[in-house]
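A short write-up of the structure that comes next.
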Amino acid sequence: MFQFILLVALRADWILKWIAEILMVIAACALVLLALLIGADVVGRGVFGNSITGVAEVVGHVLLITAFLQIAYSVRIGSLLRTEIVDSFLPRRVVPFFWLIGYLLGALFFTLVAYYTWDPMITSWVRNSFEGHASLRVPKFPHSSPLWRVRYSPS
C-alpha cells in the first residue's frame with residue numbers, strides 16, 4: 001500500500017513539475033511578445049507618428065499575468081526572495097523551523113489573497129465588466145481572480 005501511495009505521489013509531483021514548467025515557458029513567451037509589441041509601438045510613434053492602440057492596457061495585463069504564471073515554478077525551485085544570510089547565522093537545526101514558518105506565512109498570504117479577491121472576481125464576472133480603451137476591451141475578472149479561469153463571452 002505504501003509503495004502505491006509513493007508511486008501516486010511521485011507521479012503527481014512529476015505532473016505538477018511539468019505544469020509549472022509549461023506555465024514558465026508561457027510566461028517567457030508572453031514577455032518576448034510584449035517586448036516586440038512595445039518595440040513596434042515605439043517604432044510606430046517615431047517613424048509613422050502613430051502608436052498602437054491599447055498597448056498600455058496590454059502591458060499592464062501581461063505583466064500581471066506573467067508574474068502569476070511564474071509563481072508555481074519559483075516556489076517549486078525555491079528561488080523566492082529569502083535572506084540566506086540569516087540562515088548562515090542560525091544553527092542548522094533551527095533553519096528548517098524558520099523555513100516552515102515562511103511556508104506557513106506564504107500559505108496564509110495566498111489564502112488571504114484568494115479570500116479577499118473572490119467577491120470582486122465574481123462581481124466582475126456577473127456584471128461582465130471590462131477595462132481599457134474602446135477598441136481594446138479586456139475582461140476584468142481574470143486578473144482579479146484568485147483562480148485562473150477561461151471564459152468565452154459571446155460577441
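Just the heavy atoms: all of them, side chains too, but no hydrogens, waters or symmetry mates, feed the values below.
- Ring geometry for W18 versus W14: interplanar angle under 30°, hence parallel rather than tilted (30 to 60°).
- Following chains of ILVMFWY side-chain contacts shorter than 4.5 Å, one cannot reach I22 starting from L16, and the two form parts of different hydrophobic clusters.
- You'll find the side chain of Y73 stays beyond 4.5 Å of the side chain of L23, heavy atoms only.
- In this structure, Q70 and L31 have side chains that are in contact, with non-hydrogen atoms separated by less than 4.5 Å.
- Hydrophobic clustering (side-chain heavy atoms under 4.5 Å, transitive across Ile, Leu, Val, Met, Phe, Trp, Tyr) keeps V43 apart from L37.
- Using a cutoff of 4.0 Å between basic side-chain nitrogens and carboxylate oxygens, D13 and K17 are not scored as salt-bridged.
- In this structure, V75 is a member of the same hydrophobic cluster as F109, with clusters built from ILVMFWY side-chain heavy atoms closer than 4.5 Å.
- Distance check: M1 CE to I5 CD1 gives 4.5 Å after rounding to the nearest 0.5 Å.
- Cluster annotation: L100 and L90 are assigned to distinct hydrophobic clusters (Ile/Leu/Val/Met/Phe/Trp/Tyr, side-chain heavy-atom contacts under 4.5 Å, transitive).
- Annotation: the span from I26 atom CD1 to I65 atom CD1 amounts to 11.0 Å, rounded to 0.5 Å.
- Note on L64 and V113: same hydrophobic cluster, where clusters join Ile, Leu, Val, Met, Phe, Trp and Tyr whose side-chain heavy atoms are under 4.5 Å apart, directly or indirectly.
- When all heavy atoms are compared, the tightest approach of I52 to D41 is N-OD1, 2.8 Å.
- One distance of note links CD1 of I38 with OG of S51; it measures 12.5 Å at 0.5 Å rounding.
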Exercise for the section: Would you sort out whether V62 and L33 count as a side chain to side chain contact (heavy atoms under 4.5 Å, CB included), showing the intermediate values? Expected result: CA-CA 10 Å; V62 169; L33 292 174; over 6 Å; no

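- Between I71 and F110, some side-chain heavy-atom pair lies under the 4.5 Å cut-off.
- Closest approach of T66 and A30 over heavy atoms only: CG2-CB, 3.7 Å.
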